[in-house]
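The structure appears right after this line, and notes come after that.
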There are 4 protein chains.
Amino acid sequence: MAERADAARNRRAILRAAEELLTAHGPDRVSLEQVAAAAGVAKGTVFHRFTNKAGLIGALIMERLGAFQQGYTEGPPPLGPGAPARERLDAFFTALVDLVSRNVALMAAHERTSGHRQDNPIYTAWHEHVSGLLREARPDLDAEALGHILLGALHSDLIVHMLRTGEANRLVSALQTVTAALLDQPRGANEGRAAL
Amino acid sequence: MAERADAARNRRAILRAAEELLTAHGPDRVSLEQVAAAAGVAKGTVFHRFTNKAGLIGALIMERLGAFQQGYTEGPPPLGPGAPARERLDAFFTALVDLVSRNVALMAAHERTSGHRQDNPIYTAWHEHVSGLLREARPDLDAEALGHILLGALHSDLIVHMLRTGEANRLVSALQTVTAALLDQPRGANEGRAAL
Amino acid sequence: MAERADAARNRRAILRAAEELLTAHGPDRVSLEQVAAAAGVAKGTVFHRFTNKAGLIGALIMERLGAFQQGYTEGPPPLGPGAPARERLDAFFTALVDLVSRNVALMAAHERTSGHRQDNPIYTAWHEHVSGLLREARPDLDAEALGHILLGALHSDLIVHMLRTGEANRLVSALQTVTAALLDQPRGANEGRAAL
Amino acid sequence: MAERADAARNRRAILRAAEELLTAHGPDRVSLEQVAAAAGVAKGTVFHRFTNKAGLIGALIMERLGAFQQGYTEGPPPLGPGAPARERLDAFFTALVDLVSRNVALMAAHERTSGHRQDNPIYTAWHEHVSGLLREARPDLDAEALGHILLGALHSDLIVHMLRTGEANRLVSALQTVTAALLDQPRGANEGRAAL
DNA sequence: GGTTAAGCGAGACGGTACGTCACGTCTTCCT
DNA sequence: AGGAAGACGTGACGTACCGTCTCGCTTAACC
C-alpha cells in the first residue's frame with residue numbers, strides 16, 4: 001500500500017524538526033518528545049515511524065548521504081568511474097570530508113546512537129568503494145584494512161577538531177598524502193615486516 | 001589526611017565490580033546501581049568517588065593504560081627512545097593495538113561516555129608521541145594531521161571488527177605499511193596536490 | 001439489506017473470541033486487538049461492528065441476559081405474573097443471582113466499561129420490575145429507593161466474593177430475608193424516623 | 001528514617017493537586033502527568049510516591065475517610081459505642097451517606113481503579129462494624145451477608161443517581177427502613193424459605 | 001450470468017497515558 | 001568530621017491501547 005498522505009506529511013515534519021533541533025543542541029540534549037512537539041505530532045507517532053532515536057537519526061543521515069552514493073558510483077569523473085584510481089580516491093576524500101563537515105552534528109549524533117560503524121550500510125558502501133580503488137591500483141596491498149584506516153579519518157570527533165581551527169583542508173591533504181604514498185610505494189617494500 | 005582504609009577498600013571493590021560488569025555487558029547495559037550492588041556498596045558511594053559513569057570508566061582506563069605511558073617515553077628501545085623513528089612507530093602501533101585489543105570493552109565504553117577524543121589527555125599524549133616521531137623523520141609532512149589519521153585506526157569499533165575474524169595483526173601490518181610508505185615517500189612528491 | 005454472510009460470520013467469531021478472552025482474563029487485560037486476532041479478524045472490523053470495548057461487552061451481555069427478560073415479564077409463575085408479589089420477588093432474586101453468578105466475569109467487565117448503572121436499560125428494567133412488585137405489596141414504602149438497595153446486592157464484586165466460598169445461596173437467602181422483613185413490617189412502623 | 005522535608009512537601013502538593021483535578025474531571029480524564037504538573041513536580045515523583053493511579057486515589061480516600069473510622073469506633077453515641085445497635089446503625093448510615101455524598105467523585109474514581117471492594121481495608125472495617133451491630137441485635141440472622149447488602153447501597157453510582165435529584169435523604173430513609181424491618185422481624189419468620 | 005455500488009475487511013496511522021529506568025542529589029546516620 | 005547509605009526528584013524512553021482513516025475486496029442485488 002502507498003504511504004498515506006498524512007503519514008508522508010508527518011514524516012517530513014518530524015525529519016525537519018529533528019534536523020533542526022539535533023544540529024542546534026546535539027542528540028543527548030534533544031528528547032524525542034521535543035522533536036514530536038516541534039513537528040506538531042504526538043510522541044507515539046515518532047516512535048511508530050522511526051522506532052527510536054537511533055532510527056530517527058539514521059533516517060536523517062540516509063536522507064543527507066543517500067544522494068552522495070550516486071556521485072561516486074555513477075557520476076562523472078574524477079569522482080565517478082572513468083578516472084584513474086588515485087584521482088578518484090582524492091576526489092572521493094575531498095568530497096566526503098566536505099560532506100561530513102557540512103553535517104558534523106548529525107554525523108556525531110549518528111555515531112553516538114548507532115552501533116558499530118562497520119555494520120552500517122553507508123559505511124560499508126564507502127569502504128567497498130575505497131578498498132576497491134586501492135585494490136585496483138595496488139593489488140599487492142591489504143586494501144581492506146587500509147580502507148578502514150583511511151575512513152577512520154572521517155570520525156566526527158576528528159572532523160570537529162579540524163574544523164575548530166578552520167583547517168579541514170589539512171585533513172584532505174593529509175589523506176591524499178597517505179594515498180599517494182601508498183600508491184607510489186615500491187611493490188614489496190613492506191614485505192618482511194608484515195610478519196611482525 | 002590519607003585515604004581512610006574503608007574508603008580505599010570500597011574504591012577497589014567498585015573498580016573491580018565495574019570492570020567485570022562493563023566488560024561483560026557494555027556500558028549502556030550496566031547501571032551504576034548495579035555496579036554499587038555488585039561492589040557491596042551504596043549508590044551514593046559510587047558517585048561520591050567517581051562523580052559519574054564517565055568518571056568511573058575513566059578511572060578504569062587510567063588504571064589500565066597508565067603503565068603503558070612509561071613504556072614508550074622512558075622504556076627500552078625499540079618502543080622507548082634510542083631507536084630510529086620508524087622502528088619506534090612500528091613498535092608503538094604494535095604495542096598499542098595489542099593493548100587496546102586486550103581492553104576493547106573498556107575502550108568502547110570510554111569512547112561512548114567521554115567527549116571528544118582530542119580532549120582526552122591519554123589520546124593527546126599518544127598523538128604527541130606519534131606526530132613527534134613523524135616530524136622527526138619527515139619534517140616536511142603535516143605530522144599533526146597524519147598522526148590523527150593513524151591513531152584513528154585505534155577506534156574500538158575497528159578493533160572489534162578486526163578481532164571478530166581474529167585478524168588484529170592485519171591492522172598492525174596495515175599501519176606499518178602506511179608509516180613505511182609515508183617515511184619512504186620522495187620528499188615533495190605530494191606538493192602540488194595539497195592545494196586541491 | 002440483510003446482514004451479509006461474511007459480516008454475520010465475523011460478528012459471531014468476534015463475540016465468541018471476546019467471550020472466551022474476557023472470562024479468562026478480565027476486561028482490562030484484554031485488548032480489542034487480541035480479540036480481533038483470536039477471532040481471525042482485523043482490528044478495524046471489531047470497531048466497525050461494536051464501536052468500542054464497552055459496546056462489545058454490552059453486546060455480549062445482551063446476548064446472555066436478553067432471554068431472561070422474558071422469563072419474569074411473560075413466563076410462568078412464580079417468576080412470571082400470576083403469583084403474589086413476595087413469591088415473585090423471591091423467585092426473581094433467586095434466578096438473578098444464579099444468572100449473574102454464571103456470568104460474573106462478563107458482568108464485572110460490563111460494570112467497569114459502562115457508565116452509571118442506572119443509565120443501563122437492563123438495570124432499569126430490573127429495577128422497574130422489583131420496585132413495581134414492592135409497590136404492589138407495600139404502597140406505603142419508598143419502593144424506588146428500596147429497589148436500588150436490593151439490586152445493589154448484584155454487583156459483581158459481591159457475587160464474586162460470595163462465590164469464592166461457594167456461598168452464593170447465602171446471598172439469595174439474605175435478600176429473601178430482607179424482602180420478607182419489608183413486606184411483613186407493620187405499616188407505618190418506620191414513619192417517625194424517615195424525617196431524620 | 002523519618003520522611004524528608006521535601007518529600008513531605010511534595011506528597012502534600014501531589015495529593016492536593018490530585019484531589020482538585022480528580023473531583024473536577026474524573027479519574028479517566030486526568031493523567032498523572034497533569035497531576036504532576038499541577039503539583040509542580042516531575043511525573044516520576046508521583047509514581048515513586050504512589051506507584052500508580054490506583055495508589056494515588058487510594059491515598060486520597062484514606063486521607064478523607066480515615067478520620068471517620070474513629071467516629072464510629074470511639075466517638076460519642078449514637079455513632080460511637082453506648083447506644084443500642086439500631087440507633088448506631090441508623091447513625092452510621094446517615095453519617096456514611098453524608099460522607100460519601102461529599103466525596104462522590106473520589107469514591108467513584110476509587111471504585112474504578114481499585115480491585116474488589118471486599119479486599120479494601122476501609123470497606124472491610126465498615127462491613128465488620130455493620131455486621132457486628134446486626135449480629136448483636138439479631139444473632140439469628142446472617143449478619144455478614146446482610147451487611148454486604150446494606151453497604152451495597154453506598155456504591156457511588158447509586159449515590160450519584162440519588163444526588164442528581166437532591167434526594168440522598170431518601171436513601172438514608174430507605175436504609176433505615178430496611179434495618180428497622182430486619183430488627184423488628186419476628187424471629188424465625190424466614191426460616192423455611194432459606195432452604196430455597 | 002455478468003455488472004456494480006455499497007457494505008465490509010484490513011491494518012497502517014495518529015494520539016495519549018502509562019510505568020520503568022537510570023541518573024545524580026540530598027539528608028541523615030554511622031564510624 | 002568524613003564517609004556510607006539509600007530515599008528522593010527528575011525526565012527520557014519505549015510500550016500499549018484506543019479509535020480513525022483510507023483503500024482494496026467481496027458480495028448480493030439488479031440487469
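Remember, predicted model here, so these are calculated numbers, not experimental data. Atoms considered below: every heavy atom in the structure, side chains included; atoms not considered: hydrogens, waters and symmetry mates.
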- Task: Decide yes or no on side-chain contact (heavy atoms from CB on, under 4.5 Å) for D:Met107 and D:Leu65, but give the supporting numbers first.
- Result: CA-CA 10 Å; D:Met107 295 296 295; D:Leu65 305 195; 3.9 Å; yes

- Item | Contact list for residues 43-52 of chain D, test salt bridge (Lys or Arg N to Asp or Glu O under 4.0 Å), sequence neighbours left out | D:Glu3-D:Arg49

- Residues pairing under salt bridge (Lys or Arg N to Asp or Glu O under 4.0 Å) where one sits in residues 104-121 of chain B, two or more places apart or in two chains, turn out to be A:Arg164-B:Asp119

- Query: If only side-chain N and O atoms of A:Asn10 are considered, is one of them under 4.0 Å from the OP1 or OP2 phosphate oxygen of E:dG14?
  - Reply: yes

- Task: Using salt bridge (Lys or Arg N to Asp or Glu O under 4.0 Å) as the criterion, list what pairs up with B:Glu63, not counting sequence neighbours.
- Result: B:Arg16

- Please identify each residue that fulfils side-chain hydrogen bond (donor to acceptor under 3.5 Å, both in side chains) with A:Arg102, with sequence neighbours left out. A:Asp98

- Item | For C:Thr45, all residues meeting side-chain hydrogen bond (donor to acceptor under 3.5 Å, both in side chains), sequence neighbours excluded | none

- Message: So C:Ala5, base contact, sugar-phosphate only, or nothing? Heavy-atom distance under 4.0 Å.
- Response: sugar-phosphate

- Hey, can you pull the residues of residues 42-57 of chain D with a non-hydrogen atom under 4.0 angstrom from DNA chain E? D:Lys43, D:Phe47, D:Asn52, D:Lys53

- Item | Residues which pass ring pair (Phe, Tyr, Trp, His ring centres under 6.0 Å) with A:Phe50, listed by chain and number, not counting sequence neighbours | none

- Listed partners of B:Phe47 passing ring pair (Phe, Tyr, Trp, His ring centres under 6.0 Å), at least two apart: none

- Message: In whole Å, I'd like the distance from the CZ atom of B:Arg9 to the C1' atom of E:dT31.
- Response: 12 Å

- Task: Pull out every residue in residues 14-34 of chain A that has a heavy atom closer than 4.0 Å to any atom of DNA chain F, ordered by number, or say none.
- Result: A:Ser31, A:Leu32

